[in-house]
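Since the structure comes first, as structure tokens, the remarks are kept for the end.
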Amino acid sequence: MPTVSTLANMAAEIEASKYFVREIEKNDGCVLRMKQCYIGDVGCVVWDAAIVLSKYLETKQFYNPSAGANVWCGRTVVELGAGTGVVGLMAATLGAQVMVTDLEDLQSLLDANIQENKSLIKSGSISAKSIGPLVETLKQLSGPETSIICCYEQRTEGINPEVEGKFFELLQQNFSCEKIPSDKQDPEFSCPDIHILHIRRKD
């Protein structure tokens, strides 16, 4: 009969076999270790757009410790459709109080990545929750001073253009959008197909 420690080891091996790791180096040399699922839908891997946005949070306009600047310290950040949670984790390591959200079936992956990287979070915090439809959530959470940063990779295949078009049609009923030019993004982590938008609620 297997011992308790043998069963625990078997459970750990089964859990480990579900994931593979992608490392994202921060500007301070620390490394976020992001677990990704071997099997699953789009939220189970670290997308290039998530890396572009997470590195954008570290650009000098937001985070410049040598000049004593840190926009994220103490700020409340909500990452909607977080997937693996890399953007929220980056914000938390920079001092933000973060809530990452996605569908219920991605909660275990978000929790696993929070546990994997919690040693890098010093003054910030992060927790994972599940929140409903995106545009309605943005309306409920935002006020006149709220700044929303959106990052996505433009896709031209299948129903992606139709879904993207519908999203922006709904969004522009209540929000204004400003596209961030590439010269304001991280010089290494940017791509013409990946767009960063600053979104604000209309008065």
Side-chain angles (χ1 to χ4, degrees), residues 21-36 45-102 110 113-114 116-128 134 137-138 141-154 164 168 171-172 175-203:
V21 173
R22 182 165 186 181
E23 295 185 344
I24 293 94
E25 186 173 349
K26 297 179 66 225
N27 291 346
D28 64 5
C30 294
V31 176
L32 287 168
R33 291 179 43 82
M34 303 305 302
K35 292 182 177 181
Q36 305 175 95
V45 295
V46 177
W47 290 94
D48 291 342
I51 296 174
V52 168
L53 182 54
S54 64
K55 294 301 291 183
Y56 176 62
L57 301 184
E58 283 193 299
T59 58
K60 289 184 177 179
Q61 62 191 311
F62 298 118
Y63 185 73
N64 188 1
S66 61
N70 183 356
V71 168
W72 305 116
C73 187
R75 288 284 180 97
T76 300
V77 172
V78 179
E79 184 186 4
L80 301 166
T84 61
V86 64
V87 176
L89 278 161
M90 176 66 84
T93 66
L94 300 175
Q97 312 304 309
V98 181
M99 181 193 305
V100 289
T101 71
D102 213 310
L110 284 170
N113 279 326
I114 290 169
E116 181 74 23
N117 293 283
K118 66 180 181 181
S119 65
L120 301 181
I121 301 170
K122 307 300 184 199
S123 60
S125 67
I126 188 167
S127 62
L134 182 56
T137 300
L138 292 174
L141 292 176
S142 63
E145 301 301 316
T146 304
S147 178
I148 300 166
I149 303 175
C150 171
C151 186
Y152 70 98
E153 184 170 356
Q154 192 162 21
E164 183 182 309
F168 284 109
L171 189 73
Q172 288 169 358
F175 296 89
S176 61
C177 302
E178 174 196 357
K179 186 175 176 182
I180 304 304
S182 59
D183 63 351
K184 296 282 189 184
Q185 299 178 34
D186 185 280
E188 184 179 352
F189 295 92
S190 62
C191 172
D193 294 331
I194 296 176
H195 307 290
I196 298 177
L197 304 174
H198 279 201
I199 301 170
R200 289 193 177 273
R201 186 146 188 189
K202 294 177 180 175
D203 295 331

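In what follows, residues are counted from 1 in the order of the sequence shown.
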Just so I know, are the side chains of [X] and [Y] near enough to count as touching, which here means a heavy-atom distance under 4.5 Å?
X: Tyr56; Y: Met90; value: no
X: Gln185; Y: Val52; value: yes
X: Lys55; Y: Asn27; value: yes
X: Met34; Y: Leu89; value: yes
X: Trp47; Y: Ile194; value: no

Glu145, CD: over 12 other non-hydrogen atoms inside 6.0 angstrom =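 Atom CD in Glu145 is not packed in, count stays at 12 or less.
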Inspect the surroundings of CZ in Arg201 and state if more than 12 heavy atoms from other residues, nucleotides or ligands are less than 6.0 Å away.
->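 Yes, CZ of Arg201 has more than 12 neighbouring heavy atoms, counting only those of other groups under 6.0 Å.
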Nearest non-hydrogen partners of [X] and [Y], listed with the distance:
X: Leu110; Y: Ala128; value: CB-CB, 3.9 Å
X: Arg200; Y: Thr146; value: NH1-O, 3.3 Å
X: Leu57; Y: Tyr63; value: O-CB, 3.9 Å

Look only at the side chain of Glu153 and the backbone of Asp48, and say whether a donor-acceptor pair between them is shorter than 3.5 Å.
->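 It does not hold such a pair.
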With distance as the sole test, does Lys202 use its side chain to make a donor-acceptor pair with the main-chain N or O of Gln172 at under 3.5 Å?
->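 Indeed, once roles are kept as given, a pair shorter than 3.5 Å links the two residues.
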Could you go through the side chain to side chain donor-acceptor pair (under 3.5 Å) check for Ser125 and Gln97 one step at a time?
-> CA-CA 5 Å; Ser125 67; Gln97 312 304 309; 2.7 Å; yes
